[in-house]
Amino acid sequence: MVSTLPQVQQDQERHEQTPRYATHDVTNQAPPLAPYDASEDAALLEGLRREGAGWAEEDVRRLGVRAGSAEAQEWGELANRHEPELRTHDRYGNRIDEVDFHPSWHHLMRVAVAEGLAGAPWADDRPGAHVARTAGGMVWGHTEAGHGCPTSMTYAAVPALRTQPELAAVYEPLLTSRVYDPGLQVPAEKRGLLAGMGMTEKQGGSDVRSNTTTATPTAEPGVYTLRGHKWFTSAPMCDVFLVLAQAPGGLSCFLVPRVLPDGSRNTFRIQRLKDKLGNRSNASSEPEFDGTVAWLVGPEGRGVKTIIEMVNCTRLDCVMMSATLMRKTLVEAGHHVRHRSAFGALLVDQPLMRNVLADLALESEAATTLTLRLAGAADRAVRGDAGEAAFRRIATAVGKYWVTKRGPAFTAEALECLGGNGYVEESGMPRHYREAPLLSIWEGSGNVNALDVLRALSREPGTAEALFAELALAQGADARLDAAVTRLKGRLTEGSPAGARRLVELMALTLQASLLVRHAPPAVADAFCATRLGGDWGHAFGTLPDAADLDAILGRALPGLG
């Protein structure tokens, strides 16, 4: 056999002498965003101070730095990549109905609970405690959205539970704890609890009065057994749940613990976990009750009234999470355009891109400012302010409808700023995009909230007065706003269910505009009123008029882009 080694050596030498071309050098790509400061947001910090929680600014800033750290951002990514897994049985065949989570989920939850983003504000007597929680959620939400579900439900469960003082005495100290204590155990033996809720059923959805789950009284006063099937119960690893069921006296609210006081497992059979569009780090389940032990919360037949305060809280959190998602994706887009060049210039220097970003910045600031105003109203309502309670009642439903509706379009536009890079999972933008529609669906879809506004106007007359009292604070500051308020007053007399969305949209825009006119820089307020109220706008983001001060708007929202 003739050796080919000399020929191989010759070929290799010729290859080494051939000029090489760099085919995989990485250029014109934005560097990683993290680490960054998620609290670097003028609208957020100004709102925090204005709504009475300036004392929490240092904590919010500290949490913002942690949220933007490379470690916390990786937690968010991993918690969504490694989705929760249902284990219905143990190795011996015993029914356990447990859900396993990636360690990153537990890291996120531990920080959220420790920072007071669950039930802690209810144990804090300082004015502004609920505002501080909202602001904290808006910066920690830069990590990921799924774990905000159990913290939100835990926060919202406390006021509902207070309608049954003997139960509140046992559970409230643990629901307001800042200790994250995962795992199914006897609730009273844990250092902290999480609460969920089971309301919707497959035949009714938001129409909870059509629920078929039954509640049968036992010989022990206040104790019932439940039988039925819930359709969408998120965070099934929580310790206790507020559940709606049909008692002899009508639809009622019940407390269902996963583990009973004697240490045995309550019947809570998880049939499956939902395969959802987004929110994939968070488990959403279909539990079945069969002889499940439950304690009555509030009077029989008053289940909806009992949980209404819970709904007000979770709807505020939907607004908060949508505003957070807007801000997060705006920051991602702003970072990208600072570093990406096209057609001979950085994207940030391209006039049309600046128009898009400025338009997004207006929407984001309006959402953030409204969110914090709603949090301020909630805080003052809890402390006995009747006027703020009436304002909160209508404005939260208005904000829930509008801000969550704006989220998907906003997130899609922010994703497009990154072009094809934004369409790739590694960018994180697809995860944000999938998350956006949930917040409009959760706690009542758009129609449910729009009709709830009509219901408040017709059944609670003080709500309309409270809304117009708020709008009157900006009277005379902008002619376009004044004209919009006049139109709004005219439409209130119509009250047609078919026109509810148009009415609520106008309410939202006038409310946002009034807040910006009073509290935002003139460039922001003027551009918002000109476009959202004055009609000098197109049908997509990036259609601000030539008169808009893009530099001032961008300089405020994204320092360095002005």
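Fair warning: this is a prediction, and the values are worked out from it, not measured in the lab.
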Under the side-chain hydrogen bond (donor to acceptor under 3.5 Å, both in side chains) test, which residues partner [X], sequence neighbours left out?
| X | answer |
| --- | --- |
| Arg95 | Asp97 |
| Thr213 | Glu201 |
| Glu71 | none |
| Asp100 | Arg87 |

Side chain to side chain contact (heavy atoms under 4.5 Å, CB included) against [X], all qualifying residues, sequence neighbours excluded:
| X | value |
| --- | --- |
| His102 | Leu78, His82, Ser104 |
| Leu516 | Glu365, Ala366, Thr369, Ala520, Val524, Ala525, Phe528 |
| Asp262 | Leu260, Ser264 |
| Leu244 | Met199, Val208, Asn211, Lys230, Leu251, Cys253, Ile307 |

Could you walk me through whether Thr463 and Leu467 pass side-chain contact (heavy atoms from CB on, under 4.5 Å), step by step? CA-CA 6 Å; Thr463 57; Leu467 177 64; over 6 Å; no
Going by atom type alone, with no hydrogens or angles, which donor-acceptor pairs under 3.5 Å involve a side-chain atom of residues 147-156 and a protein atom two or more places apart or on another chain?
residue: His147; atom: ND1; partner: Glu144; partner atom: O; Å: 3.4
residue: His147; atom: ND1; partner: Glu144; partner atom: OE2; Å: 2.9
residue: His147; atom: NE2; partner: Trp140; partner atom: NE1; Å: 2.9
residue: Thr151; atom: OG1; partner: Gly148; partner atom: O; Å: 3.0
residue: Ser152; atom: OG; partner: Asp317; partner atom: OD2; Å: 2.7
residue: Thr154; atom: OG1; partner: Pro150; partner atom: O; Å: 2.7
residue: Thr154; atom: OG1; partner: Ala195; partner atom: N; Å: 2.9
residue: Tyr155; atom: OH; partner: His130; partner atom: ND1; Å: 2.7

How about [X] and [Y]: do any of their side-chain heavy atoms sit closer than 4.5 Å?
| X | Y | value |
| --- | --- | --- |
| Val453 | Ile394 | yes |
| Lys274 | Trp231 | yes |
| Phe410 | Ser322 | no |
| Leu48 | Leu44 | no |

Does Glu83 have any salt bridge (Lys or Arg N to Asp or Glu O under 4.0 Å) partners at least two apart in sequence or in another chain, and if so, which?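 Per chain and number, Glu83 pairs via salt bridge (Lys or Arg N to Asp or Glu O under 4.0 Å) with Arg280.
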Sequence neighbours excluded, the answer for ring-ring contact (aromatic ring centres under 6.0 Å, His included) partners of Trp402 is none
Show the atom names and distances, to 0.1 Å, of all donor-acceptor pairs under 3.5 Å that link a side chain in residues 235-243 to residues at least two apart or in another chain.
residue: Asp239; atom: OD1; partner: Lys190; partner atom: NZ; Å: 2.6
residue: Asp239; atom: OD2; partner: Leu194; partner atom: N; Å: 2.9

Could you go through the salt bridge (Lys or Arg N to Asp or Glu O under 4.0 Å) check for Glu443 and Lys400 one step at a time? CA-CA 9 Å; Glu443 288 310 326; Lys400 165 65 168 72; over 6 Å; no
Using a distance-only test with no angle check, is there a side-chain donor-acceptor pair under 3.5 angstrom linking His142 and Tyr36? yes
